[in-house]
Amino acid sequence: MKVIVNGEPHELPAGTSVAAAVAAVSAAPSGVAAALNDEVVRRASWEATPLRDGDRLEVLTAVQGG
């Protein structure tokens, strides 16, 4: 299936979870948020939320600096 992750097309196996897709693009252990089709997905739901063909996933990582 084709999923858009952070604006880039990715080919992922059917049934890939939000958690797996996030892990593929971010190694950060914390400070990461995910939005699926413009809806925030709570971290506790990432593993149980499957992606579907055509979904758009945004993975956001907090950055410190000044």
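Under a 4.5 Å side-chain heavy-atom cut-off, the cluster of Ile, Leu, Val, Met, Phe, Trp and Tyr residues that includes Val32 is completed by Met1, Val3, Val5, Leu12, Val18, Val22, Val25, Leu36, Val41, Trp46, Leu51, Leu57, Val59.
Judged by distance alone, with hydrogens and angles left aside, the side-chain atoms of Thr16 form a donor-acceptor pair with the main-chain N or O of Pro13 at under 3.5 Å.
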- Item | Stepwise salt bridge (charged side-chain N to carboxylate O under 4.0 Å, His left out) check, Arg56 with Asp38 | CA-CA 8 Å; Arg56 291 174 291 109; Asp38 300 325; 3.4 Å; yes
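For Arg43, the salt bridge (Lys or Arg N to Asp or Glu O under 4.0 Å) criterion is met by no residue, not counting sequence neighbours. In this view, Asn37 and Asp55 satisfy the side-chain hydrogen bond (donor to acceptor under 3.5 Å, both in side chains) rule, not counting sequence neighbours.
In terms of heavy-atom proximity, Gly15 sits nearest to Pro50 at O-CB, 4.4 Å. Contact between Gly7 and Glu58 at its shortest, heavy atoms only, is N-OE2, 3.9 Å.
When the shell of 6.0 Å around CD of Glu11 is examined, it contains more than 12 heavy atoms from other residues, nucleotides or ligands.
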